[in-house]
Every structure is written in C-alpha cells, then in structure tokens.
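Working notes, structure below.
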Number of protein chains: 2
Amino acid sequence: MLNDRYQMLFKNLMGLYLSDGKPVGSNTLSKLPEVALSSATVRNVLADLEKMGFLHSPHTSAGRVPTDKGYRLFVDTLLTYQEPSKVHEQDLRQRLSVDLNQDRLLQEASKLLSGLTGMASLVMLPPKTQEKLQQVDFLMLSARRILVVLVFGDQDVQNRIVELDREIQSDQLQKLANFLNQQCLGLSLVQAREKLSSAVEQNQLQGDFPYSSLLKSTDDLLSRQLSDRQSLVVSGKTNLLDYQEFADSQKLKRIYHAFNQQQGLLELFDKSLQAPGLKVFIGSECGNEVYQGCSLITRPYAVEDEVLGVLGVIGPSRMNYQKVVPQVDLTGKILSSLLKK
Amino acid sequence: MLNDRYQMLFKNLMGLYLSDGKPVGSNTLSKLPEVALSSATVRNVLADLEKMGFLHSPHTSAGRVPTDKGYRLFVDTLLTYQEPSKVHEQDLRQRLSVDLNQDRLLQEASKLLSGLTGMASLVMLPPKTQEKLQQVDFLMLSARRILVVLVFGDQDVQNRIVELDREIQSDQLQKLANFLNQQCLGLSLVQAREKLSSAVEQNQLQGDFPYSSLLKSTDDLLSRQLSDRQSLVVSGKTNLLDYQEFADSQKLKRIYHAFNQQQGLLELFDKSLQAPGLKVFIGSECGNEVYQGCSLITRPYAVEDEVLGVLGVIGPSRMNYQKVVPQVDLTGKILSSLLKK
DNA sequence: TCTAGCACTCCCCTAGCACGAGTGCTAAAT
DNA sequence: ATTTAGCACTCGTGCTAGGGGAGTGCTAGA
C-alpha cells in the first residue's frame, strides 16, 4: 500500500522521533546516509504522508510527528523486534521460580516487567467465578475460637478466626464440617453460597449451639473470594514520572485514577484475552481519552492452552517498541510455562 | 521568649502563608484589622524575626516565608486546634467497624486518613518478632496435597498447600502435627524456627515418609511471617501530585522511592513509638533531605496501654495543621479503641 | 516608640527583534 | 517524469530592554 521510499522515510522518521522525542524535519532526514535524497524530495513525501494521516505538524515550522495512525502503521508493518538473549530469558525465569501461590506469582511477574521496561505494568488476574470449592474445615484453636478454612484452587485458601459466644465440642464442629463438605463440595462459589443460605433457611442446621456465626463466616469468606480483590493489578506506577509526556501532574493523576477505576482497561484486556498473541493499543485505541499519548501492550498468559488472564505494560506511545514488545512477550511466555506446574 | 506583638504578627503571617502559599509582606499584614500597626513597624518586627531564624526572604522584595524553625514555633506554641465534630467521629468509627484482621484494619485506617487529609498516609504495622506460635496444623486435601496452617496472634494465620512426592497417611500427619505443637507451642517465631531446625538435625523426625517438605514449608511460613511484609504501609501517594510543592516529578519520585526504602522514616516512627501522643516532624527534622519541605505527623496507636505501632500522614510543610493534626489524633484514637476487642 | 517617607532592589511581564528551523511552491535540471 | 535548488514565508525560541509592582531598609520627625 505504501511505496518503498515512503516506508523507508517513515521508518527513519519514527526511529529519530522515538529516540529524541523532537519533531523531525526534512533536513534532518535528508542528511541520513540511508536516505540520500534532497530535503525538497523528502518534504514532498512528508507532505503526502501527512495528507494520508500518518504524520502531523505541531506547527508550521516544526517538522513532523507520527499520529496514532502512524504508530499503528509502524507497529503493524515496519517494526522488527530484537529477540531477547537466552541469558536474559534464563535470568527472568529464575527470578520467577519462587514458590508462590498463583496471585503472588502474577504480581511478581508484573513487578519484574515494570522494572524491565521502565513503565507501568498491569496484570489481569484469572477470574475466580468459575473456581470450585474444594474443602471446608474448622480448626479448633480453643473451645471458643475456631479457624474457618476454605480451600479453593491450587494454591488458593481463605481463612478467618471466629470467636464464638459459647463453647463448642469438637465432634459438633466435625459434624458441621462434614455436612458442609457433603453439600457444597465441587460447587462453584456462587452455587455454594446459594446452597448455604438455603440450608440455613430450611433449618437443617438449627441446633442448640452457635452454628450461625460459623456459617456467616463461611459465607463471608466465599464472598470475599468472589469479590474482594482487584482483578487488575498495577505495578511500577511511579516509573511514569520519568517521562515528560506525563510532566503535567494533573494528567498523571487522571491516569492513576483511571488505573484504580479499571474501567476501560478491563475491556481492552478482555479483547486481548479473546485473541491469542500480543496486542498493541495505541493512543485513542485505548478507548479513554486519559490514555491519549499512551500505548498499551498486552499478552495473554495460559496454562496448557487454557487462557487464564492477560499481562501488559502501559507507557508513552513514544516508547521503544523494538525492545518492549519482546519483553512483554517473553514474560508472558515464561509465566505461562511456570504456571503449568 | 517572644513578645506578644511578635507572636501575634508571626501567627498572622503563618495564617496568610498557609492559606495562600505566597510570601507575606509587611503591607498585607499591616492592613489586617487585628494588626493595626503601620507597615513600617511590621517591617521592623519581621526583620527581627528573620534575624532570629523564624522567617526567610526568598529575595529582596518578596515578603517573608516561615523557616523550618518558624514552623516549629508555630506548631509548638501558637497553634490552636479545631476539635473534629462528634458526627465526624461517629462516621469515622463506623467506617472502620468492619470485620477485618489487624493488618487489614490498619491499612483501612491508613486509606481513610489519606482520603481525609488529602495527603499521603503511613502506618507502621506492629512488629511480629514477639508474636507467639499458637498452633500448627496439617489439613489433608488428598493423599498428596497437604495444607499447612500456622496460627499466630489474634487474627493472624499463614498457610500454604504442599504437594508431596509420595502419599502420606492421616495418622502420620497427625503425629507430626502433635509433635510440632508439643515442641513449638507458645514459642516466639525465632525460637520456633531454631527448635525446628535442631529437631531436624537430631533426626528426631527421620521416618520413612516425606516429612521434609512439610517441615520446610512450616519453616518457610515462619520466616515469611517474620520478614515478608512491609512494616511501613503507605496509602494515598497520588494525593501528593496535587501540591505544587511536588510539581517537580523528579523530587516526587525521590520521595516515593524513599517511601519504599523506608529508611529514615522508620527511625522517626520509632521515636514516635517511644513517646506517647502526637508528634510533628518538620522539614529537616525528617532526617532525610528528600523530605525537605515536607512535614510528618505521627501518633502511636495502642491496645490497652500497650503501644503497638504508629500511624501518620506526610505532606507539604505548608499544610493545614489546624485541621490535619486533630484528624490524625482522632484516627489514632479510634483505631486504638477498635483494636481493643 | 512608632510612623511616614524615600531610595533602592529585585521579580515579572511585555514588546521587540534577530535567528534558526522548517515549510510549500515553483522553476530549472536531470 | 523525477528530482533538486531556490525563495518567500511562518512560527517558535532566545535574548534584551524597559516599565510596573511589591517589598525592603533606613532615616528623620512626631
């Protein structure tokens, strides 16, 4: 669609712009050895590229800057990636080979990625709605203090200590645990909650001792598992302070606020969840005007072909895609392989 | 030490400066109804106050600004506080009356405080070194998957799922749990770890089944409880973006970095831990030059006269002490009363 | 002891100007 | 038919000069 010369010039312009951040003019380009054209010729090309919507002049005498569409072109067709070295891969893999539960591991990966790229990194944690309740247990700490333990997935446990208002016998406790396990085992969290409340209503559990606070805690823990966690975790927010794109602290604050709200980003991550492979969202493609001038790179992670979630980085559109894209990809790959176990 | 008129003028100057942030000149002051002095007289006083080190002129014709020493004077002897309303107190108390474990409650209080004050809020969590191990339990999820549970304080539980490389019988598991409870119960975390490792060395536990990975996990959990948590938790960092004192993003980044390192702050919190009541650290008193222009307000929180930790806020020295100080105090008070239970 | 007056200093804003970088257009050269 | 050289033009930037304003210290008089 784009003539060789046009591509070549555009690519060179992007290179200069990405490294300097200043608008690039025809003179600068024509002086490059690989260009070998007069500035006048370059000007004609640049004017065309501007008409096509790939470039933009901040003002009459200020050289050109890529538009979002220009970035899109660059990322889609002109960009070549640097494969990260094996050593680097080994290093990453080792840093993530810590014995952590799933959520912690994901957060660790996010931190690592933000450090690597010097930008903010995001992880969408796997949704827990489909998770099955595996086991309910009551541990007797004393006659009145009971530890309620709920086991869900692989490394996923919720617990809480309950103070009863009168004493309870260990066999009563056992009976309750047995009952709950019988009723709720293998149910999804939502189902388990329904079962629980219907059991209470039908008075199947009305005894002469305080089941109720135990049941309430069980229910609380189920609901906490369902809701009380951010599905989107952000690390390295402070890295964004380094870019003059975000020098305006009000703009930065809006971005941080948008991170907290999660709105908008979740949809993008969902898109990325559907399609395999790496995705780049540029500026307006991020769907929210606060992300103007930002790009988001996402990649799903999976365990044995089942996609669990998405991780990614966000930073100024003027970023080193050549380096960052492979880093995101690699981190996602390593993460997927480590989650396998 | 300071003449009435001097005090009066200084206090008025502080009031104007705190609300406007601009250097205050003799004219502005002399026009205040409560001053009723000519600008020339005011000038003489200001010149004296400057010689004494309470004020400072940014440049020849720019009015005066308080020095750290000036802030100190203001906070120590001139400041009168606005008591927060009962309604407000009720509101706060209610927001914190959620059923959470101790650490979570403290973090919640910190969040609340940062929202209230519009600055960053810090909490020093109670140290866990003195905590006693209350109970060790192994829950059998399947013949090879064991949930290791360690119970510490009131609402403090650590757990992890361990995959064994061969099957284990429930009575073996029971035996191990009994042994550990016998040996380690009521010991401090450090002592418990020692006991554990010596038991392993003395081969008291060498059986024909895989105790070792269970013991290793137990030890891991103990050490995690000891170390793997930030003793200083910060919330509302982004609030600081609103102050032009922190418009320089590099300065802000250094501050955030200092938050992460915790160095310096911990010492101050320790000081506050020793002495009862509220403390204000101003500028250079914060001990680290990155906190230049910042003030830190701290207050210990306690349970039944036993001081557990400290909470506080940090923001620009030019803050509304009249409002913020009582807020910190109140939050600490409420926190202390809620932790009682 | 206070105050009015005055000379002085320094910041800040604006206008003006020259300069440089970059542009579009046109006409000549290849 | 391209490419290039040349030219007029635009616009941001940096520098300088100058006026206005806010504030000061000092002095002399009330």
Side-chain angles (χ1 to χ4, degrees), chain A residues 2-10 12-67 70 244-245 247-248, chain B residues 2-10 12-67 70 244-245 247-248:
Chain A
L2 225 55
N3 174 332
D4 272 5
R5 167 177 295 173
Y6 279 54
Q7 288 203 11
M8 183 270 286
L9 280 172
F10 183 75
N12 276 298
L13 183 145
M14 280 302 289
L16 289 172
Y17 181 67
L18 288 184
S19 69
D20 283 7
K22 283 179 298 195
V24 182
S26 54
N27 247 313
T28 326
L29 275 172
S30 82
K31 275 184 205 133
L32 289 181
E34 58 270 52
V35 171
L37 289 170
S38 80
S39 66
T41 314
V42 174
R43 270 204 291 286
N44 288 327
V45 177
L46 295 190
D48 282 357
L49 286 171
E50 182 159 2
K51 271 182 214 128
M52 290 186 246
F54 297 118
L55 294 178
H56 164 77
S57 290
H59 59 85
T60 337
S61 67
R64 259 83 173 197
V65 155
T67 60
Q244 78 259 54
E245 276 90 342
D248 174 11
Chain B
L2 224 56
N3 175 333
D4 272 3
R5 166 177 297 173
Y6 279 53
Q7 288 200 13
M8 183 272 286
L9 280 172
F10 183 75
N12 277 298
L13 184 145
M14 280 303 287
L16 289 172
Y17 181 68
L18 288 185
S19 70
D20 283 8
K22 284 178 297 196
V24 182
S26 55
N27 246 313
T28 325
L29 274 173
S30 81
K31 276 184 204 134
L32 288 182
E34 58 269 50
V35 171
L37 289 170
S38 79
S39 65
T41 314
V42 174
R43 271 204 290 286
N44 287 327
V45 177
L46 296 190
D48 282 359
L49 286 170
E50 180 158 2
K51 269 183 216 126
M52 290 185 245
F54 297 118
L55 294 177
H56 165 76
S57 290
H59 59 84
T60 337
S61 67
R64 259 82 172 198
V65 154
T67 59
Q244 77 257 62
E245 275 90 341
D248 174 11

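Proteins come first, then strands; the chains are lettered A, B, ... in the order of their sequence lines, and each starts at number 1. Reckoned from all heavy atoms, side chains included, excluding hydrogens, waters and symmetry mates.
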- Note on the structure: Protein heavy-atom contacts under 4.0 Å, written 5' to 3' over nucleotides 15-24 of chain D as B (base), S (sugar-phosphate only) or - (none), form the string -------BBB

Atom-to-atom span, [atom1] of [X] to [atom2] of [N] - whole angstrom:
X       : N      : atom1 : atom2 : result
B:Asp48 : C:dT1  : CG    : C1'   : 13 Å
B:Asn44 : C:dC2  : CG    : P     : 9 Å
A:Leu37 : D:dA5  : CG    : C1'   : 14 Å
A:His56 : C:dG22 : NE2   : P     : 16 Å
A:Leu9  : D:dT3  : CG    : P     : 11 Å
B:Lys22 : C:dC11 : NZ    : P     : 18 Å

- Message: Rounded to the nearest 0.5 Å, what separates atom OG in B:Ser26 from atom CZ in B:Arg64?
- Response: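 These two atoms lie 7.5 Å from each other.
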
- Calculate, to the nearest 0.5 Å, the distance between atoms CG and CD belonging to A:Asn12 and A:Glu34 respectively.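 The distance works out to 4.5 Å.
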
- Message: Tell me which one of B:Gln7, B:Met14, B:Met8 satisfies side chain to side chain contact (heavy atoms under 4.5 Å, CB included) with B:Phe10.
- Response: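 The single option meeting the side chain to side chain contact (heavy atoms under 4.5 Å, CB included) with B:Phe10 is B:Met14.
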
- Task: Ignoring backbone atoms, test whether B:Thr41 places a side-chain nitrogen or oxygen under 4.0 Å from the OP1 or OP2 oxygen of C:dC2.
- Result: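 No, outside the criterion.
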
- Message: Test of understanding: with side chain to side chain donor-acceptor pair (under 3.5 Å), list the residues that count as partners of B:Asn27, not counting sequence neighbours.
- Response: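 B:Asn27: no side chain to side chain donor-acceptor pair (under 3.5 Å) contacts found.
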
- Message: Holding to side chain to side chain donor-acceptor pair (under 3.5 Å), I want the full list of residues that pass it with A:Thr67, two or more places apart in sequence or in another chain.
- Response: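 Per chain and number, A:Thr67 pairs via side chain to side chain donor-acceptor pair (under 3.5 Å) with no residue.
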
- Is A:Leu29 close to A:Leu46 at the side-chain level, that is, under 4.5 Å between some pair of heavy atoms?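 The answer is yes, as the side chains (C-beta and beyond) meet within the 4.5 Å cut-off.
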
